[in-house]
Asks: 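My questions will all concern the structure given below.
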Amino acid sequence: PSGGFSFENCGRNTALEEDLQQGGLRAPRPNKTGTTIAGVIFKDGVILGSDTRATNDMVVANKNCIKIHQIAPSIYCCGAGVAADAEVTLQLISSNIQLHSLSTGRLPRVVTVNWMLKQMLFRYQGRIGVSVIVGGVDCTGSHLYSVHPHGFSEALPFASNGSGAAAAIAVLEDQFKPNMEEEAAKQLVKEAITAGIFCDLGSGTNVDLCVITNNKVEFLRGFDCPNAKGEKKGAYRYKQGTTAVLSESVTPLQLELVEEFVQRMDTD
């Protein structure tokens, strides 16, 4: 085969779009989703973070949704992409992990969650629109994986995903250090999510964190609120008559009684 790029599909898509327009139809548009999620491995474990805004196109559907999901007692996942896909997919993985743990008689490992998740996503070839950051602590140590919708995954010391990932990864690459203390790692993840919130319209409201260590799991709901609602500086009420009424008309409604039903109430 000849080398270089092939643009045959681009020509095919253009021809299909022209045929659809001639028939009065419109080509389907890709879904625009918005989220910022991030994770960091620190000295004693893993910290995951996310924003709390859920959007429907350009409408904010939910200002305070939860994007950090529990898979096992010491393994959590952050989901970005289509909210329904993330919710159902991670519920299914959590159920399978519990069955796996019961059948083996052992505590689940983070790599097992990563393997199950990437196999499922690869099976659907990217049609499940969810990107996931898997983090947790098991008998082999602290682990962090970034899993993409088509099934590709990679083990990283820090990761970010979602529409605000570019801003978040810039903060992580600049300030991350190996073996960070817990408080420093919290501030780093918070600043990464905050950068995504301010640089991406699909991310916003609050910052949620989840600190996972060998001894405890601490879910910090509403750890920070960078998008606090401002206060009105003035009164926006106007007196009656401020806006002139140029014309007024009243149209009576013509109603017709179609059916009448009378029911007697038993008072005995």
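The analysis underlying the following values was restricted to heavy atoms, covering all of them including side chains, and did not include hydrogens, waters or symmetry mates. The residues of the chain are indexed from 1 along the displayed sequence.
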Asks: Which residue is it: V40, I193, D174? I am looking for the one with a side chain to side chain contact (heavy atoms under 4.5 Å, CB included) to L188.
Replies: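 Answer to the side chain to side chain contact (heavy atoms under 4.5 Å, CB included) test with L188 among V40, I193, D174: V40.
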Asks: If only side-chain N and O atoms count, and only distance matters, is there a donor-acceptor pair under 3.5 Å linking D51 with T36?
Replies: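 Not at all, the side chains of T36 and D51 share no donor-acceptor pair under 3.5 Å.
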Asks: Locate the shortest heavy-atom distance separating P149 from L121; write the atom from each residue and the value.
Replies: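 P149 and L121 have their closest heavy atoms at O-CB, 3.5 Å.
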Asks: Within this structure, what is the CD1-CD1 distance for the pair I212 and I41, rounded to the nearest 0.5 Å?
Replies: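 I212 CD1 to I41 CD1: 10.5 Å, rounded to 0.5 Å.
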Asks: Any link between L156 and V134 through a network of hydrophobic side chains (Ile, Leu, Val, Met, Phe, Trp, Tyr) touching at under 4.5 Å?
Replies: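 Result: no, two separate clusters.
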Asks: What pairs with E231 under salt bridge (Lys or Arg N to Asp or Glu O under 4.0 Å), at least two apart in sequence or on another chain?
Replies: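 Listed in chain order: nothing, the list is empty.
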Asks: In sequence, state the C-alpha distance, the side-chain angles, and the governing distance for Q91 and H69, and then conclude on side chain to side chain contact (heavy atoms under 4.5 Å, CB included).
Replies: CA-CA 8 Å; Q91 285 180 357; H69 308 270; over 6 Å; no
Asks: Do V207 and V189 come close enough that some side-chain heavy atom pair is under 4.5 Å?
Replies: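 When only atoms from C-beta onward are counted, V189 and V207 do not touch, as no gap falls below 4.5 Å.
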Asks: I need the minimum non-hydrogen distance between K186 and I47, along with the two atoms involved.
Replies: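 Answer, listing the atom of K186 first, then I47: N-CD1, 3.6 Å.
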Asks: Compare every heavy atom of V46 with every heavy atom of S142, then report the nearest pair and how far apart it is.
Replies: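 Minimum heavy-atom separation between S142 and V46: CB-CG2, 3.9 Å.
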Asks: Carefully, step by step, assess I97 and M116 under the rule side chain to side chain contact (heavy atoms under 4.5 Å, CB included).
Replies: CA-CA 8 Å; I97 281 294; M116 284 187 178; 3.7 Å; yes
Asks: Short question: side chain of K67, backbone of R53 - any donor-acceptor pair under 3.5 Å?
Replies: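 Indeed, once roles are kept as given, a pair shorter than 3.5 Å links the two residues.
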Asks: What heavy-atom pair brings L144 and G135 nearest, and what distance separates the two atoms?
Replies: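 Looking at all heavy atoms of both residues, the closest pair is CD1-CA, 4.0 Å.
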Asks: Backbone N or O of M58 within a donor-acceptor pair of the T55 side chain at under 3.5 Å?
Replies: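 Answer holds: no.
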Asks: For the CD atom on Q125, are there more than 12 heavy atoms of other groups (residues, nucleotides or ligands in this structure) within a distance under 6.0 Å?
Replies: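 Yes - once you tally the heavy atoms of other residues, nucleotides and ligands closer than 6.0 Å, there are more than 12.
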Asks: Mind checking the NE2-OH spacing from H143 to Y145? Nearest 0.5 Å is all I need.
Replies: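 H143 atom NE2 to Y145 atom OH measures 5.5 Å (nearest 0.5 Å).
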Asks: Give, for atom CG of N206 and atom NZ of K63, the distance between the pair rounded to the nearest 0.5 Å.
Replies: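 If we round to the nearest 0.5 Å, N206:CG and K63:NZ are 10.5 Å apart.
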Asks: Between D138 and V110, is there a donor-acceptor pair closer than 3.5 Å when you use the side chain of the first and the backbone of the second?
Replies: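 Side chain of D138 to backbone of V110, a donor-acceptor pair under 3.5 Å: yes, one is there.
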Asks: Residues two or more places apart in sequence or in another chain: which of them pass ring-ring contact (aromatic ring centres under 6.0 Å, His included) with F223?
Replies: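 By the ring-ring contact (aromatic ring centres under 6.0 Å, His included) rule, F223 matches no residue at all.
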Asks: Which pair of heavy atoms, one from V211 and one from E182, lies closest together, and at what distance?
Replies: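 Between these two residues, the closest heavy atoms are CG1-OE2, 3.7 Å.
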Asks: Please tell me if the side chains of M120 and I128 come closer than 4.5 Å, counting only heavy atoms from C-beta onward.
Replies: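 Answer yes - side chains close enough.
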Asks: Hydrophobic clustering (ILVMFWY, side-chain heavy atoms < 4.5 Å, transitive) - are F176 and L48 grouped together?
Replies: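 No; F176 is not reachable from L48 via cluster members.
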Asks: Using the rule that Ile, Leu, Val, Met, Phe, Trp and Tyr join whenever any side-chain heavy atoms are under 4.5 Å apart, tell me whether I133 and Y76 fall into a single cluster.
Replies: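 Yes: a chain of side-chain contacts under 4.5 Å links I133 to Y76.
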Asks: Under a 3.5 Å distance rule, please check whether S153 uses its side chain to pair with a backbone N or O of V147 as donor and acceptor.
Replies: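 Between the backbone of V147 and the side chain of S153 there is no qualifying donor-acceptor contact (under 3.5 Å).
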Asks: Which value, rounded to the nearest 0.5 Å, describes the distance between D19 atom CG and Q21 atom CD?
Replies: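 One gets 9.5 Å once the value is rounded to the nearest 0.5 Å.
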Asks: So, does S95 use its side chain to make a donor-acceptor pair with the main chain of L92 at under 3.5 Å?
Replies: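 Between the backbone of L92 and the side chain of S95 there is no qualifying donor-acceptor contact (under 3.5 Å).
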Asks: For S163 and D200: C-alpha separation, side-chain torsions, deciding distance, then whether side-chain hydrogen bond (donor to acceptor under 3.5 Å, both in side chains) applies.
Replies: CA-CA 7 Å; S163 56; D200 174 44; 2.5 Å; yes
Asks: Is there a side chain to side chain contact (heavy atoms under 4.5 Å, CB included) between N161 and S146 once you walk through the steps?
Replies: CA-CA 8 Å; N161 237 321; S146 178; 3.3 Å; yes
Asks: So, taking the atom named CG in L220 and the one named SG in C210, what distance separates them when rounded to the nearest 0.5 Å?
Replies: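 Atom-to-atom, L220:CG and C210:SG are 8.0 Å apart.
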Asks: Quick check: closest heavy atoms across S203 and G164, and the distance to 0.1 Å?
Replies: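 Distance-wise, the nearest heavy atoms are OG-N, 4.4 Å.
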Asks: Can you confirm whether more than 12 heavy atoms, excluding those of Y124, are under 6.0 Å from its OH atom?
Replies: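 Result for OH/Y124: open.
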Asks: One pair to check against side chain to side chain contact (heavy atoms under 4.5 Å, CB included): F158 and I169. What are the steps and the verdict?
Replies: CA-CA 8 Å; F158 59 88; I169 200 67; 3.8 Å; yes
Asks: Does the side chain of T213 reach to within under 4.5 Å of the side chain of V137, using non-hydrogen atoms?
Replies: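 Contact flag for T213/V137 side chains = no.
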Asks: Output yes when K43 and E181 qualify as a salt bridge under the 4.0 Å nitrogen-oxygen rule, no when they do not.
Replies: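 Judged by the 4.0 Å cut-off on N to carboxylate O distance, K43 and E181 do form a salt bridge.
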Asks: Would the distance check show the side chain of D85 and the main-chain N or O of G129 forming a donor-acceptor pair, the cut-off being under 3.5 Å?
Replies: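 Answer holds: yes.
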Asks: A quick test of your reading: do over 12 heavy atoms of other residues, nucleotides or ligands sit less than 6.0 Å from CG of L16?
Replies: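 Above 12, so yes.
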Asks: Can you name the side chain to side chain contact (heavy atoms under 4.5 Å, CB included) partners of R221, sequence neighbours left out?
Replies: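 Counting only residues at least two positions away or on another chain, R221 forms a side chain to side chain contact (heavy atoms under 4.5 Å, CB included) with T52, N64, I66, D208, F219.
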Asks: Within a reach of under 6.0 Å around CG of L20, are more than 12 heavy atoms found that belong to other residues, nucleotides or ligands?
Replies: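 Yes, the 6.0 Å shell around CG holds more than 12 heavy atoms from other groups.
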Asks: Just how far is it from atom CG of N114 to atom CZ of R109, taken to the nearest 0.5 Å?
Replies: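 Between N114 CG and R109 CZ, I get 14.0 Å after rounding to 0.5 Å.
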Asks: Are V132 and V111 connected, step by step, through hydrophobic side chains (Ile, Leu, Val, Met, Phe, Trp, Tyr) whose heavy atoms are closer than 4.5 Å?
Replies: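 V132 and V111: one cluster.
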